[in-house]
Amino acid sequence: MPYDDVRGNSIDYDGDLPETAKVTIKLRGSGNRLVVARDAKIVDLMVDFSGDDAVVVIEGTTESRTGLRFSMRLGHECTVRIGENVGTETKSFIRVSEGQSVTIGEDCMIASGVAFRADDSHAIYDVRTGKRSNPAGCIDVGEHVWLGKDVVVMGGVTIGQGSVVGLRGIVTKDLPNNCVAAGAPARVVKRDVAWERPILSFREPGIPGLPRGHKKSTKYWNVTRADGD
């Protein structure tokens, strides 16, 4: 049901949540807005609007996906956008403040324990100058990106579409499209790659290429256009 309050906070959603869905929305400030597509597959969602004038937009789920599981905390004038047909294995964490944004492109596949840290939660200062040394930064994850288990994406980072970040990778700098990155900090280890969704445990051994009858995701089969390492 749509919601509005006297502080200018609003929730725009007219879909039907399943009885098993877990949803918690905290509206601490004013002028905040949550927009959820009618067909979004919400499984577990917590949004904490800690400041004023923040926006969360969650697009729909029109393909078979694991569903959306997010814990978000937004500060003043921040934005989070989740594209169409994103799937998460377990709850992913998004933290953003100081007017920054987190964007996750359509068709992304997010494994267990992934975190998007556009801020460090607490300030760090240079003791000689008193200047702040850890400002918040935007995160932009392109379409059809696969983030492996326990990956952390830090603020100020862009990940190009079609890329893969391996187990426990920590992304601290931009990554190009159609690459595999791994490590802490994550570095490009392979370029000119593409990935597909079918789970390998259901696949017969000895097939060197795409299985017969599998429809290739042609849109995301591209050569790596930039170094970004």
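None of these values were measured; they are calculated from a predicted model.
- The closest side-chain donor-acceptor pair between Asn32 and Asn9 falls under 3.5 angstrom.
- Using a cut-off of 4.0 Å between Lys/Arg side-chain N and Asp/Glu carboxylate O, Arg95 and Asp119 are scored as not salt-bridged.
- In the hydrophobic clustering of this structure, Ile110 groups with Val165; members are Ile, Leu, Val, Met, Phe, Trp, Tyr whose side-chain heavy atoms approach within less than 4.5 Å, directly or through other members.
- For Arg117 against Val152, the heavy-atom pair with the smallest separation is CG-CG1, 4.2 Å.
- With hydrogens and angles ignored, the 3.5 Å screen pairs no side-chain donor or acceptor of Ser92 with any backbone N or O of Ala115.
- Expressed to the nearest 0.5 Å, how far SG of Cys108 lies from CZ of Arg65 amounts to 10.5 Å.
- Not a single donor-acceptor pair under 3.5 Å links the side chain of Glu84 to the backbone N or O of Gly60.
- In this structure, Val188 is a member of the same hydrophobic cluster as Val157, with clusters built from ILVMFWY side-chain heavy atoms closer than 4.5 Å.
- Cluster annotation: Val86 and Val102 are assigned to the same hydrophobic cluster (Ile/Leu/Val/Met/Phe/Trp/Tyr, side-chain heavy-atom contacts under 4.5 Å, transitive).
- Ile42 contributes atom CD1, which lies 14.5 Å from atom NZ of Lys22 (distance to the nearest 0.5 angstrom).
- Separating the OG1 atom in Thr90 from the CZ atom in Phe70 is a distance of 10.5 Å, to the nearest 0.5 Å.
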Please step through side chain to side chain contact (heavy atoms under 4.5 Å, CB included) for the pair Glu196 and Leu210, ending with a clear verdict.
CA-CA 9 Å; Glu196 297 287 348; Leu210 291 173; 4.1 Å; yes
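- Taking all atoms of both residues into account, the shortest heavy-atom contact from Val153 to Ile139 is O-CD1, 3.4 Å.
- A single hydrophobic cluster is seen to contain both Tyr13 and Leu27, as judged by linkage of ILVMFWY side chains at heavy-atom distances under 4.5 Å, directly or through other members.
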Verdict with supporting geometry, Arg81 and Glu106, salt bridge (charged side-chain N to carboxylate O under 4.0 Å, His left out):
CA-CA 10 Å; Arg81 297 185 180 275; Glu106 67 177 55; over 6 Å; no
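- Between Arg73 and Ser97, the side chains place no donor N or O within less than 3.5 Å of an acceptor N or O (distance only, hydrogens not considered).
- Both Ile82 and Leu17 are members of a single hydrophobic cluster when ILVMFWY side chains are connected at heavy-atom separations under 4.5 Å.
- With 3.5 Å as the limit, one finds no donor-acceptor pair spanning the side chains of Ser163 and Asn178.
- When all heavy atoms of Asp52 and His76 are compared, the closest pair comes out as N-ND1, 3.0 Å.
- A donor-acceptor contact closer than 3.5 angstrom links the side chains of Glu143 and Tyr220.
- Nearest heavy atom pair, residue Glu59 against residue Gly83, reads CB-C, 3.6 Å.
- Salt-bridge formation is not detected for the pair Lys131/Asp126: no Lys NZ or Arg NE/NH1/NH2 atom is positioned less than 4.0 Å from an Asp or Glu carboxylate oxygen.
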